[in-house]
Chemist: 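Can you keep this structure in mind? I'll have questions shortly.
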Amino acid sequence: MLRQTYDLPGSPQLTVLRFGAAGTGKKAYLQAGLHADELPGMLVLRYLAGYLAELEARGAVRGEILLVPQANPIGLAQTETSFLFGRLESGTGENFNRNYADLSDLGSLSLAPDAASNVDTIRAAMAAKLAATAPTADGALAQLRHRLLTLAHDADLVLDLHADNEAEPHMYVGPALWPAAEDIAAAIDARAVLLSEVSGGHPFDEACAAPWWALAAAHPGLPIPPACLAATLELGSNDDVDPERAADQATALLRMLAGRGFVDGPSEQPALSCRATALTAMAQVRSPVTGLVVYRRRLGDHVRQGDLVATVIDPLGAETELLAETEGRLFARHSQPYAWPGRVIGKIAGEVPLDSRTGNLLSD
Ligand SMILES: [Zn+2]
């Protein structure tokens, strides 16, 4: 294992753990804690790093694997309120998982009728664009975004480990990568898989994966495969720091890596227990009013359209019923049961695209 650090102005360093060797096979990149208050993935990658170090010592790592267990040193240092404030950058209010560079805009490319050579050409152009756009005078946030994308852009597999306020494991991935990513969803025992070509706001996983299908659409006569399988994995609830659960998830990710040829070892996985659905069919349960949220359904419940999901109670006034907009699994709720107009207090993985789901499809 090689440990590398990168400086960020005014921030603790970013640390990258490297296993295997570049240029000897495929490349995998896994990071956790881009939203710095989403904790379980950091422990999962800590355990996975231990497993990989053992395998590497036995010569059982193929290709190259990069782990970034704490992808957001800036957010981890935002402790002024005595509560880790890790989703947004406190100075700018910007979401740490938005506004990554568009690597589909590469100028003119000399492409060929050969997929493998096109992958090489496009990766070289992406690397050149990243090198040419390296921030110099910009702040730590711009440098962090650029560094993470530079580390990941040429990987065959990119997994961005997040968590939700209170949630079952679930996954966001592009439709071009489904069902190719089914083993990854199975590894985290996902209870929802949300498919979206463009979810809005330029999150990290789409910055890695989406250029490939954008370029394929722009060059319809030439073979351009979805060469970067990137997905956002929501491993559970933000505060799930449970050693047994993290070790299980790390073991399952290791088996997935074995199944994909990154390491030697057992690769059997349990079958995925849900079907993939469109992100436009995922209902966000939003409160129109202020008050205490009293949930009427549990996490993992199957709800029908019109079912009562929660009641918002104004301690000084009215009670408001929040009904399910669609039928499906209630896979996420909010850990802080207080609402105000527009606040999302639940997510339901439905089957039918909803008129309400246009524009930015992710939470702010
Ligand atoms: Zn997140």
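As the structure lists them, so they are numbered: ligands from 1, and atoms in each ligand from 1. Source: prediction; values computed, not measured.
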Chemist: Say whether Ser199 and Glu206, considering side chains only, have a donor N or O and an acceptor N or O under 3.5 Å apart.
Modeler: yes
Chemist: So, His170 versus Phe331, ring centres under 6.0 angstrom or not?
Modeler: yes
Chemist: Measure from the Zn ion (ligand 1) to every N/O/S atom of His162 and report the name of the nearest one.
Modeler: ND1
Chemist: Name of the His35 N, O or S atom nearest the Zn ion (ligand 1)?
Modeler: ND1
Chemist: On the ring face of Phe96, is Arg87 found with NZ or CZ under 6.0 Å from the centre and within 45° of the axis?
Modeler: no
Chemist: Can you check side chain to side chain donor-acceptor pair (under 3.5 Å) on Asp37 and His35, steps first, answer last?
Modeler: CA-CA 6 Å; Asp37 55 343; His35 287 142; 5.8 Å; no
Chemist: For the Zn ion (ligand 1), does an N/O/S atom of Glu38 lie at less than 2.8 Å?
Modeler: yes
